[in-house]
Amino acid sequence: MKTKKIVTFGEVMMRLSPPGYAKFSQSTSLDIDYGGGEANVAIALAYMGMKSCHVTRLPDNPIGRSATQYLRHNWINTKYILYGDNKMGLYFLEKGAVHRSSEVVYERDDSAFSKIRPEMFQWEEILEGADWFHWTGITPAVSSGAAASCLRAIQVANALGVKVSGDIHSRKSLWNYGLSKNQVIPELVASTDLVIAGTYDLHDIFGIGTPTSDFTNSAKALQEKFPKIQKVADKDREVLSASHNRIRGKMWNGNELLLTPFYDVTHIIDRVGTGDAYAAGLVYGLVNEKNDYEALKYAAAACALKHTVEGDANMVSEEEVSRLVLGGKLGEIKR
């Protein structure tokens with residue numbers, strides 16, 4: 001079977017965290033990692049055996065080159081990364097434990113990525129031979145240039161017959177360039193095949209239902225509004241503490257509501273990037289022609305496994321995800 005090619009587009013940031021579970025006020029050093037929603041999806045898919053290409057713009061300095069090297073180290077095609085300016089987007093993460101929540105502080109204004117323009121990218125070349133394109137609601141929130149570039153990529157993907165997924169959850173604090181998510185995201189969603197969103201997002205962005213509406217009814221309303229959408233997916237998360245969550249996947253596929261069993265994640269190592277792992281598992285299943293329920297089980301299993309992996313990205317193999325999907329023995333030493 002042909003190895004599928006996945007293209008993702010979005011900002012890569014430097015992540016700075018106190019070691020272990022220390023608070024910022026306790027720390028005299030910070031650990032460096034790199035991440036970004038779309039790049040996390042690309043890396044997770046690369047570890048599952050896909051050909052992943054991430055498109056972004058990084059500062060033209062040693063920090064930008066270090067981020068590129070991080071992507072290459074994780075099997076990402078970096079051919080279409082652009083370089084310019086000198087500022088890297090940053091975020092600071094203090095990991096929570098038990099009853100103490102995690103804390104995130106962003107510092108990404110005027111980053112190299114925020115200054116992109118649509119004409120910088122040759123999307124016809126980038127998406128040639130691709131099977132899937134993935135975007136998130138964070139990218140169009142960064143700047144008008146990022147929003148226009150994302151729209152152009154989706155339009156070219158549509159023209160080339162490339163499937164498109166969008167995880168439309170966004171960061172409220174980012175929309176500060178004069179346009180709102182309600183003005184920008186609907187045009188992107190109108191040309192997207194798979195939308196990952198909860199009822200809160202559907203109400204907040206499109207005015208559909210209420211934040212606590214029935215998921216199926218809200219998903220149906222979204223499909224009626226945007227007929228190109230084939231599937232709407234989300235996950236249910238029960239937060240028992242910062243260290244203990246329960247996760248399951250759900251999807252309205254236009255015909256029925258699909259629900260996976262809950263995964264009980266009893267000892268969370270790192271919660272950041274778990275939504276990206278969910279998206280990657282879902283894309284993996286769908287692009288490899290698994291049925292909707294099997295694809296959804298891959299999404300939930302990948303999400304559950306990411307809680308055990310430090311850093312932004314889910315660095316687990318297809319074999320590991322598949323073993324969890326199939327209910328194999330878990331946690332034993334593999335020899």
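Predicted, not measured: the structure shown is a model, and the values here were computed from it.
Proximity of a side-chain donor or acceptor of Asn217 to a complementary backbone N or O of Ser213 within less than 3.5 Å is not detected. Between the Glu125 side chain and the Gln122 main chain, no donor and acceptor come within less than 3.5 Å of each other. Judged by distance alone, with hydrogens and angles left aside, the side-chain atoms of Tyr278 form a donor-acceptor pair with the main-chain N or O of Asp234 at under 3.5 Å. Judged by distance alone, with hydrogens and angles left aside, the side-chain atoms of Thr192 form a donor-acceptor pair with the main-chain N or O of Leu188 at under 3.5 Å.
Using modelled atom types, one finds a donor on one side chain and an acceptor on the other under 3.5 Å when comparing Glu38 with Thr139.
Screening residues 189-217 for ring pair (Phe, Tyr, Trp, His ring centres under 6.0 Å) gives Phe206-Phe226 as the qualifying pairs, with residues at least two apart or on separate chains. Screening residues 8-21 for side-chain hydrogen bond (donor to acceptor under 3.5 Å, both in side chains) gives Thr8-His54, Glu11-Arg108, Glu11-Ser111, Arg15-Ser17, Arg15-Asp270, Arg15-Asp312 as the qualifying pairs, with residues at least two apart or on separate chains. Residue pairs satisfying the side-chain hydrogen bond (donor to acceptor under 3.5 Å, both in side chains) criterion with at least one member in residues 250-264, sequence neighbours excluded, are listed as follows: Gln223-Trp252, Asp236-Lys250, His244-Asp264, Asn253-Asp292. Each ring pair (Phe, Tyr, Trp, His ring centres under 6.0 Å) pair with one or both residues in residues 287-309, not counting sequence neighbours, appears once here: Tyr284-Tyr298.
Just one residue in the list Tyr80, Phe9, Phe113 forms a ring-ring contact (aromatic ring centres under 6.0 Å, His included) with Phe121, and that residue is Phe9. The one candidate from Arg237, Lys306, Lys235 that meets the side chain to side chain donor-acceptor pair (under 3.5 Å) condition with Thr274 is Arg237.
Note that SG of Cys53 is 4.0 Å distant from CG of Asn77, once rounded to the nearest 0.5 Å. Within the model, atoms CG of Leu71 and CD1 of Ile81 stand 5.0 Å from one another, a figure rounded to the nearest 0.5 Å. The distance from atom CG of Leu326 to atom CD of Glu319, rounded to the nearest 0.5 Å, is 11.0 Å.
Remark: Asn61 engages no residue in a side-chain hydrogen bond (donor to acceptor under 3.5 Å, both in side chains) (not counting sequence neighbours). With sequence neighbours excluded, the residues forming a salt bridge (charged side-chain N to carboxylate O under 4.0 Å, His left out) with Glu94 are Lys23, Arg100, listed by chain and number.
Side-chain atoms of Val184 and Leu151, non-hydrogen and from C-beta on, never get closer than 4.5 Å to each other.
Trp75 and Tyr47 have tilted rings, their planes meeting at an angle from 30° to 60° on a 0 to 90° scale.
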